[in-house]
Amino acid sequence: MNPTAKILLLGSGELGREFVIAAKRLGAHVIACDSYADAPAMQVADEAEIFSMLDSDALASVIEKHRPDHIVPEVEAIRTEVLKDYEDRGFSVVPSARATILTMNRDRIRDVAARELGLTTSKFLYAESLSAMRAAVEKVGIPCVVKPVMSSSGKGQSIVTASGAVDAAWDYAVAGMRGDRQRVIVEAFVAFDYEITLLTIRTRDGVLFCEPIGHRQERGDYQESWQPTPMSKKALAAAQDMARKVVDNLGGYGLFGVEFFVAGEKVIFSELSPRPHDTGMVTLISQNLTEFDLHARAILGLPIPHIQLLGAAASAVILADRDAAEFGFEGLAEALTAVPGVETDVRLFSKPVTRPNRRMGVALALARNGTAEQARAAACRAASLISIRYGDNEK
């Protein structure tokens, strides 16, 4: 049987793993790529390629070798100029080469959002040196948030609460940067009531939305998420309007994770990822179609029925606390029956090694007739029951 499409997946982490499963259920042939062997998505894909996606020649060589119908980035650290070149040659880059170029760097997507589209954002400035960052902090004001313009999973992000902490924030940002651009964004701290991810799907038939997802972060990385998050009709309409404007500007088809801060009725654009979002892993239990199903259908041009929320749901991460190559998990049976009356589930990502604070899995909970708070408590309880057993020689 011929595949419905050949997909070259650039990045093979846990989000890529779930996308491969969704795409293969629709008949796609997937080649999973990453810089290390046995990455999570490689374990379920048809083929695998191991190389640095920041190596232009290696990336071009893999595209030439497989000649895919769709090139689907799952990570930010990619030589996006290569993707633009192949898009110009007629290849499909998801959602578009322009989107990958702009969202790979926080400064570029922020400029589009704030200066081109006029979306509401926090006050911000850029800096390419410690002295420039000191000046930016003075203009933006303290407290402020410092982020590398290119990073992932919260790496390099910190909150500056005193002038004496500026130098340390610069050093931390530089240490957490990806790519070859030494640049940070300095943002005024937003006093928000809560923050959301609005999963936004751009299809050939228009733009669709999932129910808003609330989330809690530590060290700039998500720890738990829940769906739905109560929002006023006015705030939700504002978020949807801004999300529609930015995804229409970026073009192409697929799912986007659009992040907002919400303060009362005021909605403030934060960031955007042109791919499934880590906080959206809650959709593995909350919806009739997961964010990965939606991404795959949008890419392949397949119909998307009504997106149905099955009930209040939540996710909570399972983290490692050390470096190890030999490890296992305990407590799975207990986690799957953690809270009577609430459905719980677990996804273990099958990453080959652990690192401190590395996500190794996620616990999921669905309270069909309950509240998001009940689901959150159940997901956190389930996650707490999963423990990582390290090999005798691992410290």
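Just so you know, residue 1 is the first one in the sequence shown, and it goes up from there.
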Item to check | Shared hydrophobic cluster, Leu119 / Met231 (ILVMFWY, side-chain heavy atoms < 4.5 Å) | outcome: yes

Item to check | Side chain Tyr194, main chain Val262, donor-acceptor under 3.5 Å | outcome: no

Checklist entry - Atom OG1 in Thr290, atom CG in Leu199: separation rounded to 0.5 Å? => result 10.0 Å

Next on the checklist: Quick check: do Glu47 and His66 have side-chain heavy atoms less than 4.5 Å from each other?
Outcome noted: yes

Checklist entry - Is the count of non-hydrogen atoms from other residues, nucleotides or ligands lying under 6.0 Å from Glu138 atom CD greater than 12? => result no

Checklist entry - When rounded to the nearest 0.5 angstrom, what is the spacing between CD in Glu187 and CD1 in Ile159? => result 10.5 Å

Next on the checklist: Between Asp345 and Leu336, is there a side-chain heavy-atom distance shorter than 4.5 Å?
Outcome noted: yes

Checklist entry - Do the charged groups of Lys147 and Glu271 touch, with an N to O distance under 4.0 Å? => result yes

Checklist entry - Taking NZ, NE, NH1 and NH2 as the nitrogens, is one of them in Glu218 or Arg216 under 4.0 Å from a carboxylate oxygen of the other? => result yes

Checklist entry - Does the side chain of Tyr253 pick up a donor-acceptor pair with the side chain of Asp205 at under 3.5 Å? => result no

Item to check | Polar side-chain atom of Ser96 near backbone of Gly252 as donor-acceptor pair, under 3.5 Å | outcome: no

Checklist entry - Is the cationic atom of Arg89 (NZ for Lys, CZ for Arg) positioned less than 6.0 Å from the six-membered ring centroid of Tyr86 and within 45 degrees of its normal? => result yes

Checklist entry - Below 4.5 Å, heavy atoms only, C-beta onward: do Leu332 and Val346 meet side chain to side chain? => result yes

Next on the checklist: Check whether Asn288 reaches the backbone of Gln308 with its side chain - one donor and one acceptor, N or O, closer than 3.5 Å.
Outcome noted: yes

Next on the checklist: Quick test of your reading of the model: are Glu343 and Arg368 salt-bridged, counting only N-O distances below 4.0 Å?
Outcome noted: yes

Next on the checklist: Determine whether a donor-acceptor pair (N or O, by modelled atom type, separation under 3.5 Å) exists between the side chain of Arg183 and the backbone of Ser129.
Outcome noted: no

Item to check | Connected via hydrophobic side-chain network under 4.5 Å: Val267 and Val112 | outcome: yes

Next on the checklist: Could you check whether Arg359 makes a cation-pi contact with Phe349, meaning its NZ or CZ is under 6.0 Å from the centre of the six-membered ring and within 45° of the ring axis?
Outcome noted: no

Item to check | Derivation of the side-chain contact (heavy atoms from CB on, under 4.5 Å) call for Val258 and Phe260 | outcome: CA-CA 7 Å; Val258 191; Phe260 296 97; 3.5 Å; yes

Item to check | Side-chain donor or acceptor of Arg110 paired with backbone N/O of Ser270 under 3.5 Å | outcome: yes

Next on the checklist: Using only atom types and a distance under 3.5 Å, with no angle test, would you say the side chain of Glu224 pairs donor to acceptor with the backbone of Cys380?
Outcome noted: no

Next on the checklist: For Glu265 and Ser232, which I'm curious about, is there any donor-acceptor pair between the side chains at under 3.5 Å?
Outcome noted: yes

Next on the checklist: Could you measure the distance from the OG atom of Ser315 to the CG atom of Leu284? Nearest 0.5 Å is fine.
Outcome noted: 8.5 Å

Checklist entry - Taking the side chain as C-beta and beyond, is there a heavy-atom pair between Phe91 and His70 under 4.5 Å? => result no

Checklist entry - With side chains defined as the heavy atoms from C-beta onward, is the minimum distance between Thr197 and Asp278 less than 4.5 Å? => result no

Next on the checklist: Could you tell me if Asp167 and Tyr172 have a donor-acceptor pair between their side chains, going purely by distance under 3.5 Å?
Outcome noted: no

Next on the checklist: Whether Arg275 engages the ring of Phe256 as a cation-pi pair (distance to the six-membered ring centre under 6.0 angstrom, angle to the ring normal within 45°) should be assessed.
Outcome noted: no

Next on the checklist: Run Tyr222 and His277 through side-chain contact (heavy atoms from CB on, under 4.5 Å) and show every step you take.
Outcome noted: CA-CA 10 Å; Tyr222 119 94; His277 200 271; over 6 Å; no

Next on the checklist: Please say yes or no: joined through hydrophobic side-chain contacts below 4.5 Å, possibly via intermediate residues, are Val282 and Leu208 part of one cluster?
Outcome noted: yes

Item to check | Lys/Arg N to Asp/Glu carboxylate O, Glu14 vs Arg347, below 4.0 Å | outcome: no

Checklist entry - Within a strict 4.5 Å, meaning less than it, do heavy atoms of the Asp69 and Leu300 side chains meet? => result no

Item to check | Main-chain N/O of Gly257 paired with Glu259 side-chain donor or acceptor, under 3.5 Å | outcome: no

Checklist entry - Is it true that a side-chain atom of Gln43 and a backbone atom of Asp38 form a donor plus acceptor pair closer than 3.5 Å? => result yes

Checklist entry - Do you know the tightest heavy-atom contact between Met177 and Pro148? => result CG-CB, 3.6 Å

Checklist entry - What distance do Cys144 atom SG and Ile185 atom CD1 have between them, rounded to the nearest 0.5 Å? => result 11.0 Å

Next on the checklist: Please tell me whether Leu26 and Ile307 are part of a single hydrophobic cluster in this structure, the criterion being side-chain heavy atoms less than 4.5 Å apart.
Outcome noted: no

Item to check | Carboxylate-amine/guanidinium proximity below 4.0 Å for Arg244 and Asp248 | outcome: no

Next on the checklist: Tell me whether Lys24 at atom NZ has more than 12 heavy atoms from other residues, nucleotides or ligands lying less than 6.0 Å away.
Outcome noted: yes

Checklist entry - Distance-only, no hydrogens or angles: does the Gln374 side chain make a donor-acceptor pair with backbone N or O of Thr371 under 3.5 Å? => result yes

Checklist entry - Where is the tightest heavy-atom contact between Ala338 and Arg381, given as atom of each residue plus distance? => result CB-CG, 4.0 Å

Checklist entry - Out of curiosity, Gln182 CD to Leu130 CG, how far, rounded to the nearest 0.5 Å? => result 10.0 Å

Next on the checklist: Would you say that Ser122 contacts Val145 through its side chain, given a criterion of any heavy-atom pair below 4.5 Å between the two side chains?
Outcome noted: no

Checklist entry - When you check the gap from the basic side-chain N to the acidic O, do Arg376 and Glu373 get nearer than 4.0 Å? => result yes

Checklist entry - For Ser35 and Phe51, what are the C-alpha separation, side-chain angles and deciding distance, and is it a side-chain contact (heavy atoms from CB on, under 4.5 Å)? => result CA-CA 5 Å; Ser35 59; Phe51 66 98; over 6 Å; no

Checklist entry - Salt bridge or not for Asp293 and Arg297, using N-O below 4.0 Å? => result no

Checklist entry - Near Arg358 CZ, under 6.0 Å, is it more than 12 heavy atoms from other residues, nucleotides or ligands? => result yes

Checklist entry - Step by step, would you call Ser12 with Val75 a side-chain contact (heavy atoms from CB on, under 4.5 Å)? => result CA-CA 8 Å; Ser12 295; Val75 295; over 6 Å; no

Item to check | Sole residue of His215, Glu211, Gln287 in side-chain hydrogen bond (donor to acceptor under 3.5 Å, both in side chains) with Gln227 | outcome: Gln287

Item to check | pair Asp321-Tyr390: side-chain heavy atoms closer than 4.5 Å | outcome: yes

Checklist entry - Taking all non-hydrogen atoms of both residues, which atom of Arg202 and which atom of Val247 are closest, and how far apart? => result CD-O, 3.5 Å

Checklist entry - What about Val362 and Leu319, same hydrophobic cluster or not, with Ile/Leu/Val/Met/Phe/Trp/Tyr joined at side-chain heavy-atom distances under 4.5 Å? => result yes

Next on the checklist: Could you report the tightest heavy-atom contact between Arg17 and Val44, atom names first, then the distance?
Outcome noted: O-CG2, 3.9 Å

Checklist entry - Hey, is CG on Asp193 packed in by over 12 heavy atoms from elsewhere, all under 6.0 Å? => result yes

Checklist entry - Is it true that the NZ or CZ of Arg389 lies under 6.0 Å from the centre of Phe329's six-membered ring and within 45 degrees of the ring axis? => result no

Next on the checklist: Could you report the tightest heavy-atom contact between Ala39 and Asp34, atom names first, then the distance?
Outcome noted: CB-CB, 4.2 Å

Checklist outcome for this item: To the nearest 0.5 Å, atom CG of Leu348 lies from atom CD1 of Ile388 at 9.0 Å

Checklist outcome for this item: Between Arg79 and Leu59, the two heavy atoms sitting closest are O-CD2, 3.7 Å

Checklist entry - Can you tell me if NZ on Lys6 sees more than 12 non-hydrogen neighbours from other groups inside 6.0 Å? => result yes

Checklist entry - Is a side-chain donor or acceptor of Ser225 paired with a backbone partner of Thr279 at a separation under 3.5 angstrom? => result yes

